[in-house]
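Reviewing the structure listed below.
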Amino acid sequence: MHAYTMLINGVQVAGENGQFDVINPATGSAFAQCPAGSLGQLDEAVAAAQAAFKTWRHSAHERRCEHLNAIANDIEQDADALARLIVMEQGKPLELAFSEVMGAAAWTRYAAGQEIAVELVEETPTQRVELHRKPLGVVASITPWNWPFMIAVWHIMPALRAGNCVISKPSSLTPLSTLRLVEIIARHVPHGVINCVTGEQGFGSAITAHPGIQKIVFTGSTATGQSVMRGAAANLKRLTLELGGNDAAIVLPGTPVHEVAEEVFQAAFLNMGQTCAALKRLYVHQSQYQEFAEALTQIAERQVVGDGLEPGVNFGPVQNLDQLELVQALVADARAQGARVLCGGARLDRPGFFYPPTLVADVTDGQRLVDEEQFGPVLPLIAYEDVEDVLRRANAGDMGLGGSVWGPDSEQAQALASRLESGVAWVNCHARIQPNTPFGGSKMSGFGVEFGLEGLLEFTGQQLLFVNKRAAE
Ligand code: NAD
C-alpha cells in the first residue's frame with residue numbers, strides 16, 4: 001500500500017501519530033494510508049510558515065505569477081494520475097475527476113493573472129490618501145471531502161498570490177490528492193510557503209485555536225463552521241466560511257420542460273449531489289409537475305452507476321457511509337410521510353457506498369428531505385400553485401447559498417431571482433461558478449466570498465496611507 005507523507009517546511013515527513021486508513025468508497029475498503037500528524041508537527045508547520053512569510057510577503061508580484069503558472073503546468077502534466085487518485089479517494093467518475101483537475105489548473109492560472117492595485121482614495125493639493133492591501137500572514141485552509149482537489153486550489157492559490165503562507169488541512173476522508181497538490185506547489189515556492197498537515201480527531205480545532213495563524217479559509221458544514229468561528233475568536237482570525245446550502249430552484253409555468261430537464265438534473269446530481277451549491281429542492285408549478293417528474297426520471301434511469309474507474313460509468317458511489325446513511329434516513333422519513341419514490345430509493349446490494357440517483361415526489365416543506373441538506377443523490381420534487389407562496393417557501397430556511405429561477409420569460413425570472421435570499425441567484429441555470437465571479441453564501445451558509453477580485457482581497461488586510469503634503473513642504 002502506498003504511504004503518503006505530510007509536507008512541513010519543504011520536507012516530506014511521516015506523521016508522529018502513525019497513520020490512518022483512507023477508504024475507497026467504490027469498495028468500502030482501505031486502499032492507502034494517510035499520515036496522522038501530531039500537534040507538535042502542526043506547531044512546526046506554523047513556525048515554518050511564519051518564517052517563510054518574512055520574505056514571501058515581499059516577493060515581487062511577477063515572481064508569484066510565474067510560480068503559480070508553473071504550478072498550473074505541473075497540475076496539467078500530472079492530470080491523469082491525479083484524476084485517478086481523486087476517483088479512488090472520493091468516488092466520482094474518472095471524467096468528472098479529470099475535469100476537477102483541469103478546472104483546478106485553470107483556477108490557478110486565473111489567480112496567477114490577478115492584480116492587487118493601490119487604490120487612490122483622494123488626491124488634493126494638500127493631501128494624498130491611498131488604500132494599500134497587504135498579506136495577512138499564515139493562512140490555514142480547511143477543506144471538505146466532496147471536491148477535495150479543486151477546493152484546496154480555491155483556497156491555496158489566492159492566498160499565495162496575495163503573499164501569504166499556507167497550512168493546508170484536507171478532510172481525513174480525502175487527504176491524498178491534496179498531499180499530491182502540495183508536493184507540486186512545493187517544487188515552485190520557497191520552503192515553508194506551503195505546508196500540509198493531516199490528522200484525525202481534534203486536529204481541525206487545534207488549527208482554529210492556533211495563535212500563529214491569522215486567517216482561516218474554511219469550506220464544510222455549518223456546524224463545523226460555527227466551531228471554527230468560536231476557535232478563531234481567541235486571536236481574531238480573519239475568516240472566510242463557505243458552509244452548507246439547501247438551494248431551491250423554482251420552475252415557473254410555461255418552462256420548456258424537455259429543454260431544461262437535463263441541466264436541472266445535472267445541477268442536482270453533480271458529483272452524486274455532493275456539491276455545496278447543487279440544486280437541493282425543486283419547486284415545480286402544479287401545471288407541469290407530472291411532465292417534469294417523468295422527464296427527470298428518464299434521465300435518472302439512464303445513469304450508469306458503478307466504480308468511477310470502470311469505463312462507461314457516469315455515476316459513482318456516495319463518498320462515505322455516514323453520508324449514505326443520512327440519505328437513506330431522509331428518504332425513509334419521506335416515504336413514511338407518504339412520498340412517492342420515482343426511481344432509485346435503495347442502496348445497491350454490492351460492496352461500496354452505492355445509492356442510485358433518486359427522485360422523490362409528493363413531498364413538501366416541513367419534511368426532513370426538503371428542510372435539511374441531503375448532500376447526496378436524492379432530489380425532492382415539490383409542487384406549488386402560487387408564485388409568491390413558493391418564493392416564501394424557498395426563502396424560509398436558515399441556509400442561503402444559492403438558488404435559481406427557471407422560466408420562459410427571462411425578465412420575470414430575473415425579477416423573482418433577485419428576491420431569493422441567497423448569495424448567488426441563477427436564472428435558467430444553477431451551480432455555475434467561474435474563477436472571475438465572486439461566490440459565497442448568506443445567512444447560515446457563511447460569509448466572505450471566493451473568486452474574482454473580491455475573493456482575492458479576502459486574503460489581504462488593508463492599510464490606509466494618509467499623507468499630509470503640507471508637512472513635507
Ligand atoms: P465538515 O464540516 O464535516 O468537514 C470539513 C473540514 O473541517 C474537514 O477537513 C474536517 O476534518 C474539518 N473539521 C472537522 N471538525 C473540525 C473542527 N472542530 N474545527 C476545524 N475543522 C474541523 O464538512 P464535510 O462533511 O467534509 O463537507 C460537507 C459539507 O461542506 C456540506 O455541508 C457542504 O454543503 C459543505 N460545503 C460547502 C461549500 C461551499 O462553498 N459553501 C463547498 C463544499 C462543501
Side-chain angles (χ1 to χ4, degrees), residues 20 22 25 34 36-37 39 42 89-90 100 140-155 167-179 196-210 213 216-234 237 239-247 270-280 318-327 372-376 397-403 422-424 431 433 437-451 455 458:
F20 58 88
V22 182
C34 178
L39 296 183
L42 171 62
E89 69 174 358
Q90 205 284 329
E100 178 170 354
S141 150
I142 303 179
T143 44
W145 48 258
N146 56 341
W147 294 90
F149 193 80
M150 180 79 109
I151 294 177
V153 160
W154 288 349
H155 289 185
I167 313 284
S168 159
K169 207 296 285 173
S171 166
S172 305
L173 296 168
T174 53
L176 305 179
S177 56
T178 307
L179 289 170
C196 188
V197 289
T198 44
E200 289 188 294
Q201 301 298 327
F203 218 69
S205 45
I207 291 177
T208 62
H210 203 292
I213 294 171
I216 298 174
V217 49
F218 172 83
T219 303
S221 64
T222 296
T224 310
Q226 290 173 299
S227 165
V228 168
M229 198 167 169
R230 278 190 290 271
K237 289 180 182 68
L239 292 174
T240 301
L241 297 179
E242 295 287 4
L243 309 180
N246 194 15
D247 289 15
L270 177 66
N271 202 30
M272 284 55 71
Q274 303 161 123
T275 298
C276 54
L279 192 171
K280 291 175 180 146
V318 174
Q319 201 281 329
N320 60 77
L321 191 54
D322 284 352
Q323 199 62 40
L324 174 62
E325 286 174 350
L326 172 69
V327 168
E372 293 181 28
E373 182 185 35
Q374 66 275 49
F375 211 65
D398 283 342
M399 300 293 189
L401 192 54
S422 56
V424 190
I433 49 171
T437 53
F439 171 84
S442 64
K443 302 203 281 188
M444 296 292 277
S445 293
F447 52 78
V449 294
E450 296 184 277
F451 322 146
E458 296 248 334

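Remember, it's 1-based here, ligands and their atoms both numbered in the order they're listed.
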Practice prompt. Distance to 0.1 Å, residue and atom name: give those for the protein heavy atom nearest to atom 23 (O) of ligand 1.
Written response: Ser221 N, 3.4 Å
Worksheet item: Touching ligand 1 at all, Gly441? Heavy atoms, strictly under 4.0 Å?
Response: no
Worksheet entry | Close-contact set for ligand 1 against Pro170 heavy atoms, below 4.0 Å | 9 (O)
Worksheet entry | Residue pair Ser422 / Ser442: nearest heavy atoms and the distance that separates them | CA-OG, 3.5 Å
Worksheet entry | Non-hydrogen atom of Gly446 closer than 4.0 Å to ligand 1 | no
Worksheet item: Do ligand 1 and Leu243 have nitrogen or oxygen atoms that lie under 3.5 Å from each other?
Response: yes
Worksheet item: Nearest protein heavy atom to atom 36 (N) of ligand 1, by residue and atom, and its distance?
Response: Cys276 CB, 3.6 Å
Worksheet item: Under a 4.5 Å cut-off applied to non-hydrogen side-chain atoms, are Glu242 and Trp154 in contact?
Response: no
Discussion item. Is it the case that the side chains of Ser177 and Glu89 hold a donor-acceptor pair, with the cut-off being a distance below 3.5 Å and no angle test?
Written reply: yes
Item to complete: Would you check whether Ser445 has a nitrogen or oxygen atom less than 3.5 angstrom from a nitrogen or oxygen atom of ligand 1?
Response: no
Discussion item. Could you tell me, atom by atom, which parts of ligand 1 come under 4.0 Å of a heavy atom of Leu401?
Written reply: 41 (N)
Discussion item. What I want to know is whether Thr224 and ligand 1 share at least one N or O pair that is separated by under 3.5 angstrom.
Written reply: yes
Worksheet item: Does the pair Gln90 and Phe149 meet the rule for a side chain to side chain contact (heavy atoms under 4.5 Å, CB included), with working shown?
Response: CA-CA 10 Å; Gln90 205 284 329; Phe149 193 80; over 6 Å; no
Practice prompt. Report yes or no: does a heavy atom of Phe218 sit under 4.0 Å from some atom of ligand 1?
Written response: yes
Worksheet entry | Heavy-atom nearest neighbour in the protein, as seen from atom 21 (N) of ligand 1, with distance rounded to 0.1 Å | Gly204 CA, 3.5 Å
Fill in: Nitrogen or oxygen atoms of Ser172 and ligand 1 under 3.5 Å apart
no
Worksheet item: Taking N or O atoms only and a 3.5 Å limit, does Gly220 qualify as a polar contact for ligand 1?
Response: yes
Discussion item. Does only the side chain of Ser227 get under 4.0 Å from ligand 1, or the backbone, or both, or neither? Count heavy atoms.
Written reply: side chain
Worksheet, complete the sentence: Checking heavy atoms under 4.0 Å, the part of Val228 that sits near ligand 1 is side chain
Practice prompt. Given side chain to side chain donor-acceptor pair (under 3.5 Å), test His155 with Ser168 step by step and report yes or no.
Written response: CA-CA 9 Å; His155 289 185; Ser168 159; over 6 Å; no
Discussion item. With rounding to the nearest 0.5 angstrom, report the CG to CD distance, Leu243 to Glu373.
Written reply: 10.0 Å
Worksheet item: Do the side chains of Gln374 and Asn246 get nearer than 4.5 Å, heavy atoms only?
Response: yes
Worksheet item: Any protein heavy atom sitting closer than 4.0 Å to atom 41 (N) of ligand 1?
Response: yes
Worksheet item: Once you round to the nearest 0.5 Å, how far does CZ of Phe218 lie from CE of Met229?
Response: 13.0 Å
Discussion item. If the test is side chain to side chain contact (heavy atoms under 4.5 Å, CB included), which one of Leu324, Thr174, Asn271, Asn146 qualifies with Gln319?
Written reply: Thr174
Worksheet item: Is Gly202 in contact with ligand 1, taking contact as a heavy-atom separation below 4.0 Å?
Response: no
Worksheet item: Would you call Thr275 a ligand 1 contact, heavy-atom distance under 4.0 Å?
Response: no
Fill in: Phe439 near ligand 1 by a heavy-atom separation under 4.0 Å
yes
Practice prompt. Identify the protein heavy atom lying closest to atom 25 (O) of ligand 1, giving its residue, its atom name and the separation to 0.1 Å.
Written response: Trp145 NE1, 2.8 Å
Worksheet item: For atom 5 (C) of ligand 1, which protein heavy atom lies nearest, and how many Å away is it?
Response: Thr219 O, 3.7 Å
Discussion item. Could you identify the single nearest non-hydrogen protein atom to atom 28 (C) of ligand 1 and state the distance to 0.1 Å?
Written reply: Phe375 CE2, 3.6 Å
Worksheet item: Side chain or backbone of Ile207 under 4.0 Å from ligand 1, or both, or neither, by non-hydrogen atoms?
Response: neither
Discussion item. Using side-chain heavy atoms (C-beta onward) and a distance below 4.5 Å, is Pro170 in contact with Cys196?
Written reply: yes
Worksheet entry | Considering all heavy atoms, the nearest Leu239-Phe447 contact | O-CE1, 3.8 Å
Item to complete: Work out which heavy atom in Trp147 is nearest to a heavy atom in Glu100; give both atom names and the distance.
Response: C-OE2, 3.1 Å
Worksheet item: At their closest point, which heavy atom of Leu401 faces which heavy atom of Cys276, and how far apart are they?
Response: CD2-O, 3.4 Å
Discussion item. Are Thr208 and Ile142 packed together at the side-chain level, in the sense that at least one heavy-atom pair is separated by less than 4.5 angstrom?
Written reply: yes
Item to complete: Tell me which protein heavy atom sits closest to atom 34 (O) of ligand 1, plus the residue, atom name and distance to 0.1 Å.
Response: Glu373 OE2, 2.6 Å
Worksheet item: Do you know the tightest heavy-atom contact between Val22 and Cys34?
Response: CG2-CB, 3.8 Å
Practice prompt. Answer side chain, backbone, both or neither: which part of Ala223 comes under 4.0 Å from ligand 1, heavy atoms only.
Written response: neither
Item to complete: Considering only non-hydrogen protein atoms, determine which one is nearest to atom 11 (O) of ligand 1 and report residue, atom name and distance to 0.1 Å.
Response: Lys169 NZ, 2.7 Å
